[in-house]
Amino acid sequence: MIFLILKEIMNDLIAQGYKGQDLAHKFNKIKQAIPKAMEKLTEEAQQESAMTKAEAEKAIEL
């Protein structure tokens with residue numbers, strides 16, 4: 001999973017025109033920020049109330 005995320009980040013940076021050392025620097029900067037971003041997402045998810053089964057079915061249009 002993380003490999004696919006890193007691959008998408010690299011592809012996006014290349015599409016934005018980054019090359020060589022600039023590409024490597026930007027990629028490493030983003031890669032280092034991933035753990036903190038995941039922690040923040042986890043904290044936010046834990047603070048939100050869980051969806052009921054009926055709400056989930058409505059959200060995915062069952």
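Lys26 NZ to Lys29 NZ: the interatomic distance, rounded to the nearest 0.5 Å, is 5.5 Å. Remark: His25 NE2 to Ile30 CD1 distance equals 10.0 Å, nearest 0.5 Å.
If you chain together hydrophobic residues whose side chains sit under 4.5 Å apart, Ile2 and Leu41 fall into the same group.
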Throw together a table of side-chain donor-acceptor distances under 3.5 angstrom for residues 5-22, partners on residues two or more places apart or in other chains.
unit_1: Asn11; atom_1: ND2; unit_2: Lys7; atom_2: O; d: 3.4
unit_1: Asp12; atom_1: OD2; unit_2: Gln16; atom_2: NE2; d: 2.8

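Counting only distance, with no hydrogens or angles, the side chain of Glu57 and the backbone of Ala54 share no donor-acceptor pair below 3.5 Å.
Using a 4.5 Å heavy-atom threshold, the side chains of Glu39 and Thr42 count as separate.
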